[in-house]
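First comes the structure, then the notes that go with it.
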Amino acid sequence: MMRLRTGFRRLSTLTAFSLAAFPTLLLAADQQPSEPAEQPAVSTEQPSTSGAQPGARANIPLVPDSPTWSSFHGQLNAQKYSPLDQINTDNVGQLEKVWEVHTGDISDGKGDTPATVWSATPVFANDTLYIGTPFYKLIAYDPATGEEKWRFDTQSSKEALTQPVLKNRGVAYWEADNPVEGESCQKIVYMGTMDAQLFALDADTGKPCQGFADNGVLNVDQWNTVNAKFPLSLLQPPTIVGDHVIFGWAGKDWAYQEAPPGTVFSINARTGEREWEFEALSDEMRRKSGTANVWTQMSADEQNGLIYLPVSSPSPNFWGGNRTEKAPLATSTTALDVETGEVVWSRQWVHHDIWDYDINAAPTLMDITVDGKEIPALVQATKMGFLFVVNRLTGEDVWPIEERPVPQGDGSVEGEVYSPTQPFPTKPAPLLDQSKKPEIWGLADAVGFGQCSRLWDKLTYEGMYTPPTTRGEGALAYPDSAGGVQWGGVAFDPVSQTAIVNTSHIVQTVKLYNREDYDKADNGSGNESGFAPQEGAPYGMRLNVASNWLGMPCWEPPFGEIVAIDMHTGDVKWRKPVGASQQFGFFMPERWGSPTIGGPAVTAGGVVFIGASMDAKARAYSLKTGEKLWEDQTQAPVVANPAVYEYKGRQYVAFVAGGNTILKDQVGDQIAVYALPEDKQ
């Protein structure tokens, strides 16, 4: 078995050559010196590259020639685009639910079973709709009727081993280029579990593929050999490129200083044999830190043989005194050669990340025309509400990305050494204004008898990169680790070259506690909020939403928006509040919007489909104007990307209404599928 270790070590071996040949080649490096030095407000440095070049490929178009929704983002380019136009802006208001099913795999967390968080994109392939559930079952449905074809139960335990909830984002699909007639597993669906088992099933029958790993099951945790504090949970489906099954893993955030380091694996689709692995951290940092993993989906350019990794932050998340040396691949977009795992280029979007600003969405690949020049580009959405746009073959800026000075802390945190600068894109403009404290919402302040004003006075804020502090109520975090843009990412219409992205406007407070104070203060945590120990570090932490006693947000609405961006210019075409917030059973006005989880899909019919909001509705908007054209109530918030597919001449849109306790305590097990009435097609 060929085993290649790539990533940080391979990049390091080529750094000397890169510096000698190109003195300004290290914008991607973590610019964290042992002692902060003065930095220019604008950096003209270019991205780091190993010098590796992807091999020549057959002509594989970036946008598939025929409609496909065979992966998590619809296509490997992560555009979430369908060329189908049977449903369009004129008739989308006539959509009707043509079938729905309830899987039965649901828990509200009030009994012995943890709550379920279900964010699985339905995958349409092999004339079948495939889905994974948060009880780690894989189900195949007839795409026109919802009739169940087969079901496979992994028998995985219902324990929240690395997450506070049971979580699943679906399945991945592969088929052989030249299938052998009469042999099983020429088409395979893959699904992982929280306890680090990857299952491979025959797509026609649902039976385990005996030739894959151990009779159809690969124990990924056998490779968990450094700081093995928790299993390498497989909650996100793998990314399939050719015969490569490529995946990272999810872990336990905020819990430890030393954690498993973030390896990405490539295995053979048929056998499960490991082909290469990528490591984002150096050997030294792997031992004393950890994570910098890839827990979300990846994207790929098959024509150029590149796979793009959205890499998260190292551990612990909110203190970095144990990792002050350079970590150039952490909190980055890193492009690898898909055959070897070698780094081709990398751009780091947060230097010395102490805010948990994981790069949490697959970059969206697109061909755009800027100033008359055609550019093979990608857009990387981030938790910070930034959209970084670079050439996807080289990592070079499309519009300038500037290094700007950022706050250096208040001196209350020992051992920390802050990065003097951070990257800021000049276009597109930030999706939300992080330069000043958000305005206090007068209504919430009045209901709280000045509670929000008093809280604001006790919070430090010098802009988005205000470091965590031990003083007062801590630092105001805006945007926060829940993300300006979450893992749904950016959708893209290649005809009009319009990008569509939903964003949340959420304010949180983050405070560090020394060990003695933390032990006194800790009173538990929830899903992505509350107290967390950062065990082994000198500081524990607390992260809370900034709200009054009634749970009303202290900051002004809108709380979430959907935004359209002209990728010829980087300018906003339109932006609208999306969804409605909900509290105590009451819907707020839609002009206030809603925090969102999950992303949009866009079609050639000029329609944008999205769920994502607190009010548990599926919606359709006009791509051209942002006008809302249709909506329907679902069982729970649709925190999954929609799927758009065609079967026997009819176009369908499928939504998974599974809910997420980060938004509200409403969970579901519903798949709702819509189409036009048969006499309207």
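Keep in mind that this is a model prediction, so the values were computed, not measured.
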Is NZ or CZ of [X] both nearer than 6.0 Å to the six-membered ring centre of [Y] and within 45° of the ring axis?
X	Y	value
Arg169	Trp487	yes
Lys229	Tyr256	yes
Arg619	Trp630	no
Lys187	Tyr173	no

Looking at [atom1] of [X] and [atom2] of [Y], how far apart are the two atoms once the value is rounded to the nearest 0.5 Å?
X	Y	atom1	atom2	result
Asp358	Lys383	CG	NZ	4.0 Å
Leu309	Ile307	CG	CD1	6.0 Å
Phe230	Thr162	CZ	OG1	7.5 Å
Thr291	Lys252	OG1	NZ	14.0 Å
Tyr130	Leu138	OH	CG	9.0 Å
Thr296	Leu235	OG1	CG	11.0 Å

Original post:
Between Trp150 and Leu201, does a side chain to side chain contact (heavy atoms under 4.5 Å, CB included) hold up when you go through it step by step?
Top reply: CA-CA 11 Å; Trp150 55 257; Leu201 307 179; 4.0 Å; yes

Just by distance, no angles: are the side chains of [X] and [Y] close enough, under 3.5 Å, to form a donor-acceptor pair?
X	Y	value
Gln297	Thr239	yes
Asn502	Thr596	yes
Ser156	Thr154	no
Trp174	Asp243	yes
Thr193	Asp195	yes
Ser346	Thr334	yes
Asn168	Thr133	no
Lys137	Thr103	no
Glu175	Asn126	no

Original post:
Under 30°, 30 to 60°, or over 60°: which ring-plane class applies to Phe124 and Tyr647, parallel, tilted or perpendicular?
Top reply: perpendicular

Assess whether atom [atom1] of [X] is packed by more than 12 heavy atoms of other residues, nucleotides or ligands within 6.0 Å.
X	atom1	result
Asp65	CG	no
Lys97	NZ	yes
Asn178	CG	no
Gln210	CD	yes

Original post:
Which is it for Met194 and Tyr136 under the side chain to side chain contact (heavy atoms under 4.5 Å, CB included) test, yes or no, and what are the steps along the way?
Top reply: CA-CA 8 Å; Met194 193 176 290; Tyr136 309 109; 3.4 Å; yes

**OP:** Mind running side chain to side chain contact (heavy atoms under 4.5 Å, CB included) on Leu95 and Tyr652 for me, showing each step along the way?
**Re:** CA-CA 9 Å; Leu95 280 185; Tyr652 298 85; over 6 Å; no

To check you understand the geometry: which heavy-atom pair defines the closest contact between [X] and [Y], and what is its length?
X	Y	result
Leu281	Gly290	CD1-O, 3.6 Å
Ala362	Ala78	CB-CB, 4.3 Å
Leu198	Phe247	CD2-CE2, 4.0 Å
Gly489	Pro600	O-CD, 3.7 Å
Pro114	Val165	CB-CA, 4.4 Å
Ala269	Tyr190	O-OH, 2.7 Å

A side-chain contact here means heavy atoms from C-beta on lying under 4.5 Å apart; do [X] and [Y] qualify?
X	Y	answer
Trp99	Tyr674	no
Ile500	Gln79	no
Gln380	Ile359	yes
Thr113	Leu166	yes
Ile246	Val264	yes
Thr661	Val117	yes
Leu336	Phe278	yes
Val123	Phe72	no

Subject >> Presence of salt bridge, Asp105 and Lys158, under 4.0 angstrom >> reply: no

So, the side chain of [X] versus the backbone of [Y]: is there a donor-acceptor pair under 3.5 Å, distance only?
X	Y	value
Asn304	Leu306	no
Gln75	Tyr81	yes
Tyr308	Asn77	no
Asn391	Thr394	yes
Trp118	Val667	no
Gln222	Asn219	yes
Thr116	Gly668	no
Asp85	Gly605	no
Arg392	Leu378	no
Lys80	Val490	yes

Original post:
Can you name the one residue among Glu275, Arg274, Glu277 that meets side chain to side chain donor-acceptor pair (under 3.5 Å) with Ser266?
Top reply: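 Going through the options one by one, the only one that passes is Glu275.
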
**OP:** Determine, stepwise, if the pair Lys207 / Ser184 fulfils side chain to side chain donor-acceptor pair (under 3.5 Å).
**Re:** CA-CA 9 Å; Lys207 295 180 179 179; Ser184 64; over 6 Å; no

Subject >> Evaluation steps, side chain to side chain donor-acceptor pair (under 3.5 Å), between Glu646 and Gln651 >> reply: CA-CA 4 Å; Glu646 183 181 49; Gln651 182 179 345; over 6 Å; no

**OP:** Walk me through it: do Val63 and Phe492 pass the test side chain to side chain contact (heavy atoms under 4.5 Å, CB included)?
**Re:** CA-CA 11 Å; Val63 180; Phe492 180 69; over 6 Å; no

